[in-house]
Amino acid sequence: WGGDGKTKSYVTHKQVFEYLDDYSKEFGLQKYIRYGCKVCQLTVQKEEQQEGDSRSAAAIPNGEQPWPKIKLEWEAISSNEIEISKQSEIFDAVCICNGHYARPSSPTIPGLNENFKGTTMHSVEYDDPSIFAGKTVLCVGGRASGSDLARE
């Protein structure tokens, strides 16, 4: 984005989502992705616990040890949100995408509730820029989500 001099270098969260969604579909990655699961345990496997490294000795540079495998245990919630199944699998690598920006953190602003009669919201509540059409909006916060919303 933006590298060609024609497209915007700042993209919206919707554009990033669409890009990642399209990419995962194009390369058949959807079958490997699990959403809404609760990770219970991540364990780096000891050498004797590893079930045969799939890489040949020729693929491992001079004397280097292969990376340890990782056992991941998680709970998956059924589509009816009633049944929970515990699952585990051994992986070569794990990507931790915990959404640390998903839990709202709003500063305390003395006098805000008493003196401001408009709407206040956190970026996690934001979904549609059209609700702000024709309004004067103050966007407080310049991190990733604040900058994304201000552009929209």
Side-chain angles (χ1 to χ4, degrees), residues 1-2 7-56 59 65-114 116-152:
W1 285 302
T7 56
K8 296 178 183 177
S9 61
Y10 296 103
V11 294
T12 66
H13 63 283
K14 181 181 177 190
Q15 290 170 309
V16 172
F17 172 79
E18 288 171 351
Y19 171 80
L20 292 174
D21 190 51
D22 290 346
Y23 185 94
S24 67
K25 288 175 183 170
E26 174 74 21
F27 294 100
L29 301 175
Q30 290 282 323
K31 61 187 173 189
Y32 301 112
I33 300 172
R34 304 289 179 269
Y35 296 101
C37 294
K38 176 184 175 186
V39 174
C40 302
Q41 183 73 39
L42 252 165
T43 309
V44 176
Q45 300 292 279
K46 294 179 182 166
E47 194 172 323
E48 61 272 8
Q49 293 174 304
Q50 296 188 36
E51 300 171 11
D53 195 319
S54 60
R55 297 174 291 174
S56 68
Q65 296 296 314
W67 285 25
K69 304 277 186 186
I70 300 168
K71 181 178 182 181
L72 177 63
E73 299 173 34
W74 71 93
E75 292 178 351
I77 301 170
S78 64
S79 58
N80 62 11
E81 297 185 9
I82 296 174
E83 300 171 17
I84 297 175
S85 64
K86 293 192 179 224
Q87 301 178 19
S88 72
E89 195 169 334
I90 306 272
F91 294 92
D92 294 316
V94 174
C95 202
I96 300 173
C97 307
N98 62 354
H100 65 280
Y101 290 118
R103 195 171 286 156
S105 175
S106 298
T108 301
I109 302 174
L112 178 67
N113 295 332
E114 298 80 24
F116 180 69
K117 304 304 177 205
T119 302
T120 60
M121 68 174 5
H122 191 278
S123 61
V124 299
E125 301 169 82
Y126 172 85
D127 200 30
D128 179 14
S130 69
I131 65 171
F132 300 107
K135 296 183 179 180
T136 301
V137 178
L138 171 64
C139 185
V140 178
R143 297 190 98 178
S145 57
S147 298
D148 283 348
L149 301 186
R151 280 192 299 278
E152 287 191 5

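All values below come from the heavy atoms of this structure, side chains included, with hydrogens, waters and symmetry mates left out.
A 6.0 Å sphere centred on CZ of Phe17 holds no more than 12 heavy atoms belonging to other residues, nucleotides or ligands.
Nearest approach of Val39 to Trp74, heavy atoms of both residues: CA-CB, 4.1 Å. Of all non-hydrogen atoms in Ile131 and Asp128, the two that sit nearest each other are CG1-O, 3.2 Å.
Note that CG of Asn113 and OG1 of Thr108 are 9.5 Å apart. Values are rounded to the nearest 0.5 Å. Leu149 contributes atom CG, which lies 8.0 Å from atom CZ of Phe132 (distance to the nearest 0.5 angstrom).
Proximity of Lys69 to Asp92: side-chain heavy atoms (C-beta onward) are separated by under 4.5 Å at one or more points.
Between the side chains of Ser85 and Gln87, at least one donor N or O lies within less than 3.5 Å of an accepting N or O.
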Could you walk me through whether Glu73 and Lys86 pass the side chain to side chain contact (heavy atoms under 4.5 Å, CB included) test, one step at a time?
CA-CA 7 Å; Glu73 299 173 34; Lys86 293 192 179 224; over 6 Å; no
Would Ile70 and Gln45 count as a side chain to side chain contact (heavy atoms under 4.5 Å, CB included) here? Give the steps.
CA-CA 6 Å; Ile70 300 168; Gln45 300 292 279; 6.0 Å; no
